[in-house]
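Written out below as structure tokens is the structure these notes cover.
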Amino acid sequence: MKTLLLLRHAKSSWADPARADHDRELNRRGENAAPAMGRFLRDKGLVPNLIWCSTAARTVQTPGLLGRDFANQADVIYSEDLYMANEKTLLECLHQTHDEAESVMMIGHNPGFEDFAAELFGDGDGEALLEMNRKFPTCGLCHFEFDIDHWADVAPDTGRLVRFVKVKDLQAASAAVN
């Protein structure tokens, strides 16, 4: 059994319109969202063994803000190929993952992540799929499981969607408790 976590980078800044897209950093909202997602992931026991991360500034910042567990327990591979990657490129990267990693997180961008998640869906939470198809927001998370032993065996229509999580919903639930 393999677990795949597709995490779209947290919210980025458009404060400097002259800055190249690749160099845009997180804004304050993104800096607040990533720790909330990190707490959720820790609470659910979903700290990955390996993280594939785009080289864009906003994606590079995201894992560090998820929390210490992510920096200490997960190996991180920064790949320029993930910057604005389509579903074919994302699948190729995933296929290169060493099989000792039981849980992998990919941190990247839309529209590639949304398309990739839709392509992987074979069964699972249909409501989560509908929600994801409506909007895959920044710092949104798709949690898939695959009944395989080798990452190279991941193929379209083979993933079981466990959940789709939006930070906005986590923050609303936290505010309701407090």
Side-chain angles (χ1 to χ4, degrees), residues 1-12 26 30 33-54 56 58-63 65-67 69-70 74 76-77 79 81-97 101-148 151-173:
M1 179 72 67
K2 300 289 188 192
T3 299
L4 175 63
L5 306 166
L6 296 176
L7 180 67
R8 186 172 171 210
H9 63 79
K11 188 77 174 162
S12 60
L26 297 178
M37 182 59 74
R39 284 188 295 278
F40 170 82
L41 290 164
R42 271 191 312 283
D43 290 348
K44 298 295 182 188
L46 294 172
V47 176
N49 308 115
L50 177 74
I51 298 173
W52 280 95
C53 187
S54 162
R58 58 195 178 274
T59 54
V60 170
Q61 286 178 282
T62 299
L65 291 170
L66 292 174
D69 296 345
F70 294 85
V76 181
I77 299 171
S79 174
D81 291 343
L82 293 179
Y83 175 65
M84 303 306 281
N86 63 23
E87 57 272 26
K88 181 178 184 249
T89 301
L90 293 166
L91 185 60
E92 288 170 358
C93 285
L94 191 58
H95 283 170
Q96 295 174 32
T97 303
E102 295 297 318
S103 177
V104 171
M105 176 182 280
M106 297 180 94
I107 303 175
H109 313 270
N110 257 0
F113 265 39
E114 187 172 334
D115 295 341
F116 187 45
E119 181 176 278
L120 292 176
F121 181 84
D123 68 359
D125 189 335
E127 288 291 319
L129 179 66
L130 290 173
E131 186 72 20
M132 180 196 73
N133 286 335
R134 272 191 283 277
K135 185 173 183 182
F136 196 135
T138 54
C139 216
L141 174 81
C142 273
H143 173 187
F144 281 100
E145 290 181 346
F146 297 88
D147 191 17
I148 57 171
W151 287 106
D153 294 335
V154 172
D157 307 318
T158 61
R160 184 173 73 81
L161 181 59
V162 176
R163 63 177 57 98
F164 176 67
V165 181
K166 297 184 291 187
V167 169
K168 176 175 80 171
D169 295 338
L170 297 177
Q171 292 169 331

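Side chains included, hydrogens not; waters and symmetry mates left out as well; all remaining heavy atoms used.
Distance check, rounded to the nearest 0.5 Å: CG of Leu7 to CG of Leu46 gives 11.5 Å. Once rounded to the nearest 0.5 Å, the distance linking CG of Leu91 with CE of Met106 reads 8.5 Å. Here Gln96 contributes atom CD and Ser79 contributes atom OG; the two are 7.5 Å apart, rounded to the nearest 0.5 Å. Expressed to the nearest 0.5 Å, how far CD1 of Ile107 lies from CZ of Arg8 amounts to 13.5 Å. Phe164 contributes atom CZ, which lies 14.0 Å from atom NE2 of His143 (distance to the nearest 0.5 angstrom). Between Thr158 atom OG1 and Phe144 atom CZ the span is 9.0 Å, to the nearest 0.5 Å.
Of all heavy-atom pairs spanning Cys93 and Leu82, the tightest one is SG-CD2, 3.7 Å. Heavy-atom minimum distance, Ala101 versus Leu50: CB-CB, 4.1 Å. Here the shortest heavy-atom pairing between Thr3 and Trp151 reads O-CH2, 3.2 Å. Scanning both residues, Val167 and Ala33, for their nearest heavy atoms gives CG1-CB, 3.7 Å. Nearest heavy atoms, Ala10 versus Thr62: N-OG1, 3.4 Å.
Proximity of Phe121 to Met132: side-chain heavy atoms (C-beta onward) are nowhere separated by under 4.5 Å. Counting heavy atoms from C-beta on, the side chains of Leu120 and Leu4 come closer than 4.5 Å. Between Leu94 and Phe116, some side-chain heavy-atom pair lies under the 4.5 Å cut-off. Looking at Leu66 and Met105, their side chains come closer than 4.5 Å, going by heavy atoms from C-beta outward. The closest side-chain heavy-atom distance from Val104 to Pro48 is not below 4.5 Å.
The ring pair (Phe, Tyr, Trp, His ring centres under 6.0 Å) check on His9 picks up His109, with sequence neighbours excluded. In this structure Phe113 satisfies the ring pair (Phe, Tyr, Trp, His ring centres under 6.0 Å) test with no other residue, sequence neighbours excluded.
Among pairs with a residue in residues 124-140, those fulfilling salt bridge (Lys or Arg N to Asp or Glu O under 4.0 Å) read Glu131-Arg134, Glu131-Lys166, at least two apart in sequence or across chains.
A donor-acceptor contact shorter than 3.5 Å is absent between the side chain of Trp52 and the backbone of Leu90. A distance-only check finds a donor-acceptor pair linking the side chain of Asn110 to the backbone of Phe136 [under 3.5 Å].
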task = Could you walk me through whether Asn86 and Asp115 pass the side-chain contact (heavy atoms from CB on, under 4.5 Å) test, one step at a time?
result = CA-CA 8 Å; Asn86 63 23; Asp115 295 341; over 6 Å; no
message = What verdict does the side-chain contact (heavy atoms from CB on, under 4.5 Å) test give for Leu141 and Leu41, after you've listed the backbone C-alpha separation in whole Å, the side-chain angles of each residue and the deciding distance to 0.1 Å?
response = CA-CA 10 Å; Leu141 174 81; Leu41 290 164; 3.6 Å; yes
ask   = Passes side-chain contact (heavy atoms from CB on, under 4.5 Å), Ser103 versus Leu5? Steps please.
value = CA-CA 8 Å; Ser103 177; Leu5 306 166; 4.3 Å; yes
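A 6.0 Å sphere centred on CG of Asp147 holds no more than 12 heavy atoms belonging to other residues, nucleotides or ligands.
Between Lys2 and Glu102 there is a salt bridge, since at least one side-chain N of the basic residue sits less than 4.0 Å from a carboxylate O of the acidic one.
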